[in-house]
Amino acid sequence: MMRHEVERRLRRAPKSEQRDTAFQKAIRSIAKGKVATYGQVAAAAGYPLYHRHVAQLLRRTHEGLPWQRVVGAGGEIKLKREAGMEQRMRLEMEGVRFRGKRVDMAEHQHRFKTWEF
DNA sequence: ATCCTGACCCAAG
DNA sequence: GCTTGGGCCAGGA
């Protein structure tokens, strides 16, 4: 492995790992039957503007996380086809109701306890 | 360095 | 309800 690559990893890995840990912690804190948007998860974890990274993390690894509780702005499910259907089904099994294509956010918006982060 | 892409977001029209 | 254009960040080609 080339030296510059090693240095690159040492320099950046810790930060992104911290972020991912914070994201996971925030996601795990979403109550059953509630949802939060990518942007809200990022902000609650202390990284506003990092909503795309929340998505990236979930795409990489969602094992053991209540990933179905993370939705797009306005309660929209962003996964396509099968994956989208699965997310909707998982949410409905938790009692989450939809208004058409979106989660009824007025009823199911999770409120993060910001002092925990 | 540049360009593209992504389980994004938002304001406009 | 759209669609568009802009903004955001990091990783890969």
Side-chain angles (χ1 to χ4, degrees):
Chain A
M1 195 179 296
M2 284 178 288
R3 192 159 77 102
H4 74 271
E5 168 147 1
V6 173
E7 290 175 352
R8 185 171 60 78
R9 292 192 182 182
L10 288 177
R11 211 167 344 98
R12 188 174 44 236
K15 276 190 62 174
S16 62
E17 262 179 48
Q18 262 178 213
R19 273 207 313 270
D20 289 350
T21 300
F23 291 157
Q24 291 167 344
K25 187 175 172 188
I27 292 168
R28 269 192 291 267
S29 79
I30 304 172
K32 177 158 50 159
K34 298 289 185 180
V35 302
T37 70
Y38 295 90
Q40 290 163 354
V41 168
Y47 296 87
L49 308 188
Y50 277 71
H51 38 85
R52 307 186 82 139
H53 296 257
V54 172
Q56 191 192 328
L57 167 67
L58 287 177
R59 193 175 3 109
R60 276 203 316 270
T61 64
H62 53 258
E63 292 265 315
L65 291 175
W67 58 269
Q68 69 273 23
R69 298 174 194 157
V70 183
V71 299
E76 194 179 350
I77 287 185
K78 305 300 280 190
L79 295 185
K80 311 196 175 200
R81 305 184 290 276
E82 297 281 315
M85 298 310 304
E86 180 181 355
Q87 182 173 16
R88 178 166 183 146
M89 200 188 70
R90 281 171 170 255
L91 286 174
E92 287 176 333
M93 294 223 293
E94 296 185 355
V96 173
R97 287 209 304 265
F98 284 71
R99 298 171 47 104
K101 199 178 204 179
R102 306 163 161 245
V103 170
D104 182 344
M105 293 305 273
E107 186 175 356
H108 297 105
Q109 170 68 67
H110 176 74
R111 314 286 173 189
F112 285 103
K113 299 173 182 174
T114 59
W115 56 88
E116 287 180 3
F117 297 98

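Naming: A, B, ... by sequence-line order, numbering from 1 per chain. Computed over heavy atoms, backbone and side chain alike; hydrogens, waters and symmetry mates excluded.
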Polar atom pairs between nucleotides 10-13 of chain B and protein, under 3.5 Å, N or O only, would you list them?
none

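- For C:dA10, one of the phosphate oxygens OP1 or OP2 lies less than 4.0 angstrom from a side-chain nitrogen or oxygen of A:Tyr50.
- Here B:dG6 presents its P atom at 16 Å from CZ of A:Arg60, a figure rounded to the nearest Å.
- In this entry the distance linking CH2 of A:Trp67 with C1' of B:dC8 reads 17 Å, nearest Å.
- Put simply, the side chain of A:Arg52 and the base of C:dC8 share a donor and an acceptor less than 3.5 Å apart.
- Sorted pairs that involve residues 68-88 of chain A and meet ring pair (Phe, Tyr, Trp, His ring centres under 6.0 Å), not counting sequence neighbours, are lacking altogether.
- At whole-Å resolution of the value, CZ in A:Arg102 and P in B:dC8 are 13 Å apart.
- In this structure, CD of A:Glu17 is placed 15 Å from P of C:dA10, rounded to the nearest angstrom.
- Every residue two or more places apart in sequence or in another chain that forms a side-chain hydrogen bond (donor to acceptor under 3.5 Å, both in side chains) with A:Arg97 is listed here: A:Glu107.
- The NE2-P distance, from A:His62 to B:dG6, rounds to 18 Å in whole Å.
- Only A:Thr37, A:Tyr38, A:Gly39, listed by number, bring a heavy atom of residues 34-41 of chain A to less than 4.0 angstrom from any atom of DNA chain B.
- Here A:His110 pairs with A:Phe112 under the ring-ring contact (aromatic ring centres under 6.0 Å, His included) rule; sequence neighbours left out.
- Atom pair A:Phe23:CZ and C:dA10:P shows a separation of 10 Å (rounding to whole Å applied).
- Atom OH of A:Tyr50 sits about 11.5 Å away from atom CG of A:Asp20, to the nearest 0.5 Å.
- For A:Gln24, the side chain to side chain contact (heavy atoms under 4.5 Å, CB included) test picks out A:Arg28, A:Leu57, A:Thr61, A:Leu65, with sequence neighbours left out.
- Atom CD1 of A:Ile77 is separated from atom C1' of B:dC8 by 15 Å (rounded to the nearest Å).
- When each of A:Gln56 and A:Lys101 is assigned the nucleotide of DNA chain C with its nearest heavy atom, A:Lys101 is the one assigned upstream, toward the 5' end.
- In this structure, A:Leu49 places its CG atom 16 Å from C1' of B:dG6, rounding to the nearest Å.
- Sorted by first and then second residue, the side-chain hydrogen bond (donor to acceptor under 3.5 Å, both in side chains) pairs involving residues 66-81 of chain A (not counting sequence neighbours) are A:Gln68-A:Glu94, A:Arg69-A:Glu94.
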Dump the pairs, protein N or O against N or O of nucleotides 3-6 of chain C, anything under 3.5 Å, distances to one decimal.
none

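- Residue pairs that meet the ring pair (Phe, Tyr, Trp, His ring centres under 6.0 Å) test with at least one member in residues 79-109 of chain A, sequence neighbours left out, do not exist here.
- Residues passing the side-chain hydrogen bond (donor to acceptor under 3.5 Å, both in side chains) test with A:Arg88 are A:Glu92, sequence neighbours excluded.
- The stretch residues 43-54 of chain A participates, sequence neighbours left out, in no salt bridge (Lys or Arg N to Asp or Glu O under 4.0 Å) pair at all.
- Counting only heavy atoms from C-beta outward, the side chains of A:Ile27 and A:Val70 approach each other to under 4.5 Å.
- Listed by chain and number, the residues in a side-chain hydrogen bond (donor to acceptor under 3.5 Å, both in side chains) with A:Arg90 are A:Glu86 (sequence neighbours excluded).
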